[in-house]
Structure formats: C-alpha cells, structure tokens
Peer 1: 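My structure is below; once you've seen it, I'll send some questions.
Residue indices begin at 1 and follow the sequence shown. In this text, all values refer to a predicted model and were calculated from it rather than measured experimentally.
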Amino acid sequence: MGVGSVKLAGAKVTVMGLARSGVAACRLLQAAGAQVTVADQKEPEELTSILGSIDRARVGVTVGAQYESSLEVAELVVISPGVPSRLASLETARRRGVKVIGELELASQFIRSPILAITGTNGKSTTVTLIGKFLMESGKRAFVGGNLGTALSEAALEDFRAQLEGKPSPYDYVVVEVSSFQMETIDQFHPWVATLLNVTVDHQDRYESLDDYVAAKQRIFENQVASDFALFNLDDDRVASLRHRVAARRLGFTSRSTLGADLSGGTYLEGDWIVTTVTGVRLEICRRSEIRIIGNHNVQNVMAAVTNAVLCGCPLEVIRRVLATFPGLEHALEIVREWRGVRFVNDSKGTNVDATLKALESIDQPICLIAGGRDKGGDFSRLAQVVDRRVKRVILIGEAAPLLRRAWEGVATMIDADSLQEAVDCAAQGAESGDVVLLSPCCASFDMFTDYQDRGRQFKTLVHALPA
C-alpha cells in the first residue's frame, strides 16, 4: 500500500497532532507497516491519556518544545485538521520533497466503498447524520464520521484488514463530514457524491480572505469524474456559482419551485412538498410540515440529505419515517428543558455568526440569548437587526464579550457574566413564561471549554440543576 510515490511498508511517517484523527491515523499507518512517529506541541502531562493509548514500544513520540524535530527524517507527514497546513516547519519539509497530507487524504486511499462527502460552513453534522440514518434504516451498511465523531481512518483500518483477509468492504457507503481544514491537504480524495451546503464568513482567523476559504471548500469536487455527482445549494449564490467548474454530474437543491436547466436533477420545494427528480422521475418525499427538526435552514439540510439517500436507493417510506422522527443533533437547537414555562435551548454548535443568525430566525418566542466565547473573525454587526427584532436580553460570556457589546450597543439590553453558571442563573431569574433561553454563542469555545460539546453539556447540566 502506498500514498503517492511513498510505499508505506517500512516508510518513516510523522503524524502531527494527537487529537482523535491523529491517533486513528497512527493506528492505520502501523497496520500498513509504516514506522510511525507522533508529534504534538503539547507537553507530555497534557497528553497522558492519549499517549497511554499508543504502543510506545513501536511508535516514536516527540512532544513539547521539540515536537517538530521528527519532521527532519520523515518521508511522509500526516497532519490532523487542527494543525495549520502552512506551518514553517511543514514548508521546510515540502521543500525537501516530503509529501504532507491530511488524515482524511490518508484514510480515503484505503476506502473501497463509495464515499458521500458533505461540506459547508453550517449544517454538515445534521446532514451527515440524516444520510447515515436513511442508509442504515434501509438495511445498508454505512460508516458515518469524518470531521463529525469517528475519524475516517477508523473506517479505513476496518476496510484494510478486511482486504488483507480477502473479504469485501465492511461498508456499502462511507458518509463523511469534511471541513475546509481537511481539504487543504487532499491530493486524491475522491467522493462519489460531493455536497456543498453553504459558504458564509467563518474561520477568518485561519484564512486570509473569504475567497481562500471558498477555494478550500471547492476542493471537494476537484478529483470527481463524469460518473460522480456534485450537489450544490442553489439558494447560496457563492455555492451556486461554483457548479460550472466541476466534471461530475451537477445536481442542486433549492427552496424555489424549479431547478436550473443546466442540472441533471435535484430536490426542491413545490408549495409545502419536498420533491426530488434525482432518479429522472418526479418523486414527492413529504410535506415540509412533516419534518420534525425546526428551522428553515434545516429544510435545506433535509433536501441535501434526501438527494444523497435517493441516489443510494433508499426507499421513500424509510426516508419519510426518519424525517418524521429525527429530533436533531445534540448541541444544535436542542431543547433541553421546559422550566416554569421557559424553554431552554442548547445551540452550542452555533460557533459562527451565520449559525446564530439561523438559530434566532428559527424561534418565534421572545429570546434571552447567551452568546460569546473566542472570536473567529466574525462580523457580529450582521446580527444586529435580528437581535433587535427577536431578543429581549443578551447575556455575554467569554473573550469576545466586548466585541459583541460594541456590535449590539443600543440594539439590546446586555449583561456580562463571568461564567456559564452565572449566565444560566441570570437568564433563569430574568425570563418569563413563554420566553426561550438560547445558548448560541456565535464564537468558538476554547477560551472557557474543551470544545463546543463540553460547553453544551455544561449548559445542559446547569439547566437541569435549576430548582423545579
């Protein structure tokens, strides 16, 4: 087995970044016979549990201040999504002729099943989860992961072991959430169906311009051929304009009642009905009102997921049943508790301006908004109008609190809280029956929490602790 010109058996490979995907890549590379060294800038005491899961007798470890030293002898470098792909040390390695790829690229080269890849600024996890449910409830064997949950290298390792034993792939389809960070380092990554949900301003702390961010997202289509499918959100002008630059068959989804003549088919709203023409025949999926998850943006996610499911041959009755029962993801407009007539909603996954905008527009009741965290370069003033219309009070937390206060000055009543505990207590004291307390931070979580999941779970714990 090889990656490009590098034969993995016996090759010296450095894996940079010891998060979930880095550890999975390490195991996959070991199975393929590589000599693996793991590297992370964190100190050993911060990595105790992770290092304990690695076979230190067979894997080299360089962590802390000297973590980049392992690059000097590497024949291949595999980086985790959180590692900036243009680090000076990586550029030095490239100049020596060393290939630098991401964990997604590595894993994809071991996968034999058709890959359904989904990217976009928002809605990826919901769409990927829905597709997985459609497939599995249709009796198909599906892996669901990538940037969401389980690293793709876990599926690749299973497939590789099956291949060594002369067995078929353990999966009929591999459904993978793909981030822009992961696509910075692809080479041969080749989805059968590639979906671009939307592109809004995000990660401007990593990209020099919005054009650079869009270019990273667009790479999801670059290795597709005429027998593949490229699916575009036609309601997003930035996304729709990219459809003319792909080699795959072009599909679209839209809240309008018609698709463009330049497309092979797609999914759209016809009155209250979600309709698809993916098979070449007009199929009525269900009424919009029959979808359980809330929010206009989730109608778009549903149309994208339905398009993928129909391409994979999922029966309509299964698709309808899943849509009628799927409650949504944890941390994405998740209803936590009704307390004294007040509904508490956890949208901790709302880590950028556009996500919070969609959350606010999905709720008709008066809102007490808990927002703030680590700024990612978002334009918070874009939220001023919707905050003015829908929000009674804002409780600010985290590093970005002063930025949010400046952006919304004169628009809403704002209160600072030193902790999430204080924010929840303050919201509970000030809320009236019929109000919604919404945690939708429009910021990253890393100033106060491990990740957005940690933030959301702490919020839920605090809400459930409120006295009955």
Side-chain angles (χ1 to χ4, degrees), residues 1-112 146 150-165 181-190 223:
M1 188 74 196
V3 175
S5 60
V6 180
K7 286 187 171 57
L8 290 178
K12 295 177 180 176
V13 183
T14 294
V15 176
M16 285 191 76
L18 273 178
R20 183 172 49 229
S21 61
V23 172
C26 174
R27 293 193 185 111
L28 176 60
L29 287 161
Q30 280 186 280
Q35 297 178 39
V36 184
T37 299
V38 293
D40 198 295
Q41 64 181 345
K42 291 180 181 175
E43 295 299 329
E45 55 270 18
E46 299 177 81
L47 298 165
T48 304
S49 60
I50 293 173
L51 292 175
S53 68
I54 292 171
D55 183 357
R56 299 285 292 270
R58 297 177 56 217
V59 176
V61 176
T62 54
V63 295
Q66 303 301 313
Y67 81 104
E68 293 173 316
S69 61
S70 60
L71 297 178
E72 296 168 7
V73 295
E75 297 168 80
L76 174 71
V77 179
V78 179
I79 65 173
S80 297
V83 176
S85 61
R86 292 297 167 185
L87 278 177
S89 56
L90 294 176
E91 295 288 26
T92 300
R94 287 186 181 100
R95 285 194 293 272
R96 285 198 296 110
V98 175
K99 197 171 191 65
V100 178
I101 62 171
E103 179 268 339
L104 176 80
E105 172 68 23
L106 171 73
S108 71
Q109 298 193 27
F110 288 80
I111 300 288
R112 291 177 287 167
T150 309
L152 186 60
S153 287
E154 300 281 2
L157 182 56
E158 283 195 57
D159 202 342
F160 181 57
R161 285 172 174 162
Q163 194 170 358
L164 291 177
E165 295 171 8
F181 295 175
Q182 289 174 305
M183 283 187 291
E184 291 172 10
T185 47
I186 66 167
D187 182 26
Q188 299 175 46
F189 177 64
H190 181 179
N223 293 313

Peer 1: Could you tell me which non-hydrogen atom of Glu105 sits nearest to which non-hydrogen atom of Asp187, and how far apart they are?
Peer 2: OE1-N, 2.8 Å
Peer 1: Counting heavy atoms not belonging to Arg161, are there more than 12 under 6.0 Å from its CZ?
Peer 2: no
Peer 1: Run Arg27 and Glu154 through salt bridge (charged side-chain N to carboxylate O under 4.0 Å, His left out) and show every step you take.
Peer 2: CA-CA 8 Å; Arg27 293 193 185 111; Glu154 300 281 2; 3.7 Å; yes
Peer 1: Can you see which heavy atom on Ala25 is nearest to which on Val15, and at what distance?
Peer 2: CB-CG1, 4.4 Å
Peer 1: Check step by step if side-chain contact (heavy atoms from CB on, under 4.5 Å) holds for Val38 and Val59.
Peer 2: CA-CA 7 Å; Val38 293; Val59 176; 4.0 Å; yes
Peer 1: Under a 4.0 Å threshold between the charged nitrogen and the carboxylate oxygen, would Lys99 count as salt-bridged to Glu75?
Peer 2: no
Peer 1: Distance from Gln188 atom CD to Ile101 atom CD1, nearest 0.5 Å?
Peer 2: 9.0 Å
Peer 1: Determine whether Pro81 and Ser21 make a side-chain contact, defined as any pair of heavy atoms from C-beta on separated by less than 4.5 Å.
Peer 2: yes
Peer 1: From Ser153 OG over to Glu158 CD, what is the distance, rounded to the nearest 0.5 angstrom?
Peer 2: 12.0 Å
Peer 1: Determine, step by step, whether Phe110 and Leu28 satisfy the side-chain contact (heavy atoms from CB on, under 4.5 Å) criterion, reporting the C-alpha distance in whole Å, the side-chain angles of both residues, the deciding distance to 0.1 Å, and the verdict.
Peer 2: CA-CA 9 Å; Phe110 288 80; Leu28 176 60; 3.8 Å; yes
Peer 1: Kindly compute the distance separating OG (Ser108) from CD (Glu103), expressed to the nearest 0.5 Å.
Peer 2: 9.0 Å
Peer 1: Measure the shortest side-chain to side-chain distance between Thr37 and Val61 over non-hydrogen atoms and say whether it is less than 4.5 angstrom.
Peer 2: no
Peer 1: Give the minimum heavy-atom separation between Phe189 and Asn223, together with the two atoms involved.
Peer 2: O-ND2, 3.0 Å
Peer 1: Ignoring hydrogens, what is the shortest heavy-atom contact between Cys26 and Val36? Give both atom names and the distance.
Peer 2: SG-CG1, 3.9 Å
Peer 1: Test Arg86 against Arg94 for side-chain contact (heavy atoms from CB on, under 4.5 Å), laying out the working first.
Peer 2: CA-CA 10 Å; Arg86 292 297 167 185; Arg94 287 186 181 100; 3.7 Å; yes
Peer 1: Report the C-alpha separation of Leu71 and Thr92 in whole Å, then their side-chain angles, then the decisive distance to 0.1 Å, and conclude whether the side-chain contact (heavy atoms from CB on, under 4.5 Å) test is met.
Peer 2: CA-CA 9 Å; Leu71 297 178; Thr92 300; over 6 Å; no
Peer 1: Rounded at 0.5 Å granularity, tell me how far NZ in Lys12 sits from CD in Glu72.
Peer 2: 12.0 Å
Peer 1: Which distance, rounded to the nearest 0.5 Å, do you find between the CG of Leu106 and the CG of Leu76?
Peer 2: 7.5 Å
Peer 1: What I'd like to find out is whether the side chain of Val100 reaches to under 4.5 Å of the side chain of Ser85, using heavy atoms alone.
Peer 2: no
Peer 1: Name all pairs fulfilling the side chain to side chain donor-acceptor pair (under 3.5 Å) condition that reach into residues 57-67, sequence neighbours left out, sorted by first residue then second.
Peer 2: Thr62-Ser70
Peer 1: Do Val13 and Val77 make a side-chain contact, defined as non-hydrogen atoms from C-beta onward lying under 4.5 Å apart?
Peer 2: no
Peer 1: As an exercise, state the distance from CG of Leu90 to OG1 of Thr185, rounded to the nearest 0.5 Å.
Peer 2: 10.0 Å
